[in-house]
Amino acid sequence: MGAAWRGALMLTCVALAGAWLFAPRPCAADAAAPPPPACLDEVALDAFVCTSYGYNWNRPASGANQVRVFDFADDTFQLDVFELVAQKPPATARTSGWRVDLAAGSSVPKISAATGLFRDATGAAGDIDLQQAFVSYVAPLGSGLRVDAGKFVTHFGYEVIEGYDGWNDDATRSFLFGYAIPFTHVGARASYAWSPRLSTLLMLVNGWDVARDNNRSKSVGAQIALTPVAALSVILNAMTGPERTADDADPRTLLDLVAIWKAGARLTLGVNADRGTDRSAVANGGDAGWSGVAGYLRLGVTAPFALSLRAESFDDRDGARTGTAQSLAGFTATPELRLTPRLVVRGDFRVDRSNRRVFEKAVGFAHDQPTVLIEALYGF
């Protein structure tokens with residue numbers, strides 16, 4: 001009986017194999033993959049790559065630049081960030097949309113990652129970050145009230161976390177970008193254009209750079225953007241709310257001013273000023289405070305070549321932001337060459353100065369920190 005069953009099984013396998021081997025094959029047209037869903041035609045995909053090399057003439061023993069943001073590594077090549085953006089912006093009233101920004105790299109995600117999302121409880125972050133992820137809806141009110149909910153980059157400051165849809169004139173970030181303002185928020189925001197010259201924004205969020213709230217209070221932020229004339233933009237930002245862990249009562253308050261004047265086809269001038277306080281944040285129960293101002297100039301010398309200058313000062317009177325009570329100043333010059341419509345190469349020549357010896361050297365510490373950074377950007 002066992003042999004009969006084995007014989008029958010063998011004959012069955014041979015029959016099935018023959019049926020498969022000699023069965024008619026579909027033609028190429030029949031085998032073509034079905035077309036993608038129509039909804040995918042509405043999705044825009046963009047990407048951005050930034051890579052750099054930095055050198056610190058102080059030759060810090062630790063190999064790390066002091067009081068810097070993304071350019072913290074000395075004498076090394078870095079893949080700063082690769083950013084992939086998928087989005088479907090809402091078009092008109094009663095339409096919805098979304099946006100997701102995925103960032104990977106050895107510098108930007110390590111700094112901009114929010115606590116509770118790609119940053120663990122110890123404060124360590126990896127090489128990947130979900131920089132933005134939010135859904136949008138345009139309510140049919142007047143010109144259209146847009147509401148976003150999820151994680152989004154902050155509206156504070158002159159400078160931005162670079163990406164395919166915008167990057168800074170200077171390769172390195174200012175003290176104000178790194179220490180005066182937040183990077184991202186998780187919550188909801190609503191924006192409305194009252195006219196071509198006036199728009200406003202209101203947001204309710206967990207706080208500064210926290211994906212999961214560290215207390216039971218929320219932070220409120222607002223923006224007023226004015227364009228009194230075509231060449232001048234003035235943006236006022238404000239935010240307040242408790243930000244320290246398990247502290248629901250003591251607010252951190254931030255005021256931010258940005259003004260941009262396009263003085264001509266080739267010349268742009270800008271200024272950014274910040275003032276912040278954190279109630280009962282210093283050892284004696286007093287309020288911590290910080291303030292700063294930065295000025296910007298960009299000159300398009302020729303079609304492919306531009307020069308950007310930045311001068312700044314930042315006062316961290318209590319050390320609440322940088323870890324040392326100090327006054328900082330810096331000057332940056334950035335020559336830029338656009339090799340192709342999508343590829344930009346630039347160099348940052350920068351000198352920082354503090355009234356304290358905070359800048360590490362090969363031996364000891366200094367008041368000054370001179371550095372150079374060579375950077376390549378590609379957006380597509």
Can you confirm whether [X] sits close enough to [Y] that some side-chain heavy atom of one is under 4.5 Å from a side-chain heavy atom of the other?
| X | Y | result |
| --- | --- | --- |
| D213 | V186 | no |
| Y158 | L176 | no |
| F331 | L309 | yes |

| said: My understanding is that only one of I161, V85, L84 makes a side-chain contact (heavy atoms from CB on, under 4.5 Å) with D101; could you say which? | reply: V85
Closest approach of [X] and [Y], non-hydrogen atoms and distance?
| X | Y | answer |
| --- | --- | --- |
| T154 | P182 | CG2-O, 3.1 Å |
| A281 | R244 | CB-NH1, 3.5 Å |
| L130 | K151 | O-NZ, 2.8 Å |
| T51 | Q78 | OG1-O, 2.8 Å |
| V43 | W98 | CG2-CZ2, 3.8 Å |
| S174 | R310 | N-NH1, 3.4 Å |

| query | Looking at F177 versus F183, is the centre-to-centre ring distance below 6.0 Å? | reply | yes
Taking a hydrophobic cluster as the set of Ile, Leu, Val, Met, Phe, Trp and Tyr residues connected by side-chain heavy atoms closer than 4.5 Å, whether directly or through intermediates, do [X] and [Y] fall within one such cluster?
| X | Y | value |
| --- | --- | --- |
| L269 | V229 | yes |
| F82 | L343 | yes |
| F48 | L373 | no |
| L257 | L232 | yes |

| said: Please evaluate residues L297 and L307 with respect to the criterion side-chain contact (heavy atoms from CB on, under 4.5 Å), reporting the C-alpha separation (whole Å), side-chain torsions for both, the decisive distance (0.1 Å), and the verdict. | reply: CA-CA 8 Å; L297 181 150; L307 176 65; over 6 Å; no
| If you round to the nearest 0.5 Å, how far is CD of E243 from OG1 of T240? | 8.5 Å
Answer yes when [X] and [Y] have at least one side-chain N-carboxylate O distance shorter than 4.0 Å, and no when they do not.
| X | Y | value |
| --- | --- | --- |
| D352 | R68 | yes |
| R279 | D287 | no |
| D75 | R59 | yes |
| R173 | E162 | yes |

| message | If you count every heavy atom of other residues, nucleotides or ligands that lies below 6.0 Å from K218 atom NZ, does the total exceed 12? | response | yes
| message | Counting neighbours of CZ on R275 that are heavy atoms of other residues, nucleotides or ligands and sit closer than 6.0 Å, is the number greater than 12? | response | no
| task | Mind telling me whether Y55 and W57 have parallel, tilted or perpendicular rings, with 30° and 60° as the class edges? | result | perpendicular
| request: Kindly indicate, with the supporting measurements, whether the criterion side-chain contact (heavy atoms from CB on, under 4.5 Å) is fulfilled by V67 and Y179. | output: CA-CA 9 Å; V67 204; Y179 298 98; 3.6 Å; yes
| request: Show your reasoning for whether side-chain contact (heavy atoms from CB on, under 4.5 Å) applies to D274 and F314. | output: CA-CA 9 Å; D274 288 296; F314 182 69; over 6 Å; no
| task | Carefully, step by step, assess R252 and S219 under the rule side-chain contact (heavy atoms from CB on, under 4.5 Å). | result | CA-CA 9 Å; R252 180 182 299 170; S219 295; over 6 Å; no
| field | NZ or CZ of R99 within 45° of Y164 ring axis and under 6.0 Å | value | no
